[in-house]
Trainee: 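Below is the structure I would like to discuss, written out as structure tokens.
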Amino acid sequence: MTTYNGPAVLIEADGTEHDTTATLSAGVRPGLPVRRIWAGRLDLDGDVAWRAFEASDPLTLRLPDGREGGVLVQADGQVTGSGPAPFGE
């Protein structure tokens, strides 16, 4: 399992950026087909978390090295990655 703990920026569809702290992990979900998955938590204030939760499409999460990934956000700040993880390999 690969992990990331540190600063990140959550970017809304309209380009609005929110600094946050991310605690993320990536791994492989067993089964057929085998799937790489990633998820975790973002430290978001209530208003930002709610807007992110209401978004119909994944938002962008950018890490300090510039790598980005899509995330679906739950109202409590939990996230599920969409596409390749922007950390690790």
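It should be emphasised that the depicted structure is a prediction, and the values quoted were computed from it without experimental measurement.
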Trainee: Side-chain contact test, heavy atoms from C-beta onward, threshold under 4.5 Å: evaluate it for F87 versus W38 and give yes or no.
Mentor: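 The answer is yes; the side chains approach within 4.5 Å.
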
Trainee: Hey, any chance L42 and Y4 share a hydrophobic cluster, counting ILVMFWY side chains that come within less than 4.5 Å of each other, even indirectly?
Mentor: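 Hydrophobic grouping puts L42 with Y4.
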
Trainee: Determine whether V48 and T16 make a side-chain contact, defined as any pair of heavy atoms from C-beta on separated by less than 4.5 Å.
Mentor: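 Sidechains of T16 and V48: no contact.
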
Trainee: Which atom names give the shortest non-hydrogen contact between A49 and A75, and what distance separates them?
Mentor: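 Minimum heavy-atom contact is CB-O, 3.6 Å.
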
Trainee: Looking only at heavy atoms, which two atoms of V9 and T20 are closest? And how far apart?
Mentor: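 Between these two residues, the closest heavy atoms are N-CG2, 4.4 Å.
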
Trainee: Heavy atoms only: give me the nearest I11-R62 pair and the separation to one decimal.
Mentor: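 Distance-wise, the nearest heavy atoms are CD1-NH2, 3.0 Å.
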
Trainee: Taking side-chain hydrogen bond (donor to acceptor under 3.5 Å, both in side chains) as the definition, give me every residue that meets it alongside D47, ordered by chain and number, with sequence neighbours left out.
Mentor: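 Residues passing side-chain hydrogen bond (donor to acceptor under 3.5 Å, both in side chains) with D47: R51.
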
Trainee: For R41 and D76, indicate whether the former's side chain and the latter's backbone hold a donor-acceptor pair under 3.5 Å.
Mentor: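 Answer holds: yes.
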
Trainee: Could you pull out the closest heavy-atom pair between S82 and P58, with the gap in Å?
Mentor: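 It is OG-CG, 3.9 Å.
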
Trainee: Atom CG in L72, atom CG in D57: separation rounded to 0.5 Å?
Mentor: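 Between atom CG of L72 and atom CG of D57 there are 8.5 Å.
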
Trainee: Give me the atom names and distance for the closest heavy-atom approach of L63 to P7.
Mentor: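 Distance-wise, the nearest heavy atoms are CD2-O, 4.2 Å.
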
Trainee: Nearest heavy-atom pair of L59 and A13: which atoms, and what distance?
Mentor: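 It is CD2-N, 4.0 Å.
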
Trainee: By side-chain hydrogen bond (donor to acceptor under 3.5 Å, both in side chains), which residues pair with T21, not counting sequence neighbours?
Mentor: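 For T21, no residue satisfies side-chain hydrogen bond (donor to acceptor under 3.5 Å, both in side chains) once neighbours in sequence are set aside.
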
Trainee: Output, in order, the C-alpha distance, side-chain angles, deciding distance and verdict of side-chain contact (heavy atoms from CB on, under 4.5 Å) for L44 and L10.
Mentor: CA-CA 9 Å; L44 300 170; L10 181 67; 4.0 Å; yes

Trainee: Rounded to the nearest 0.5 Å, how far apart are CD of Q78 and OG1 of T23?
Mentor: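 Result: 9.5 Å between the selected atoms.
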
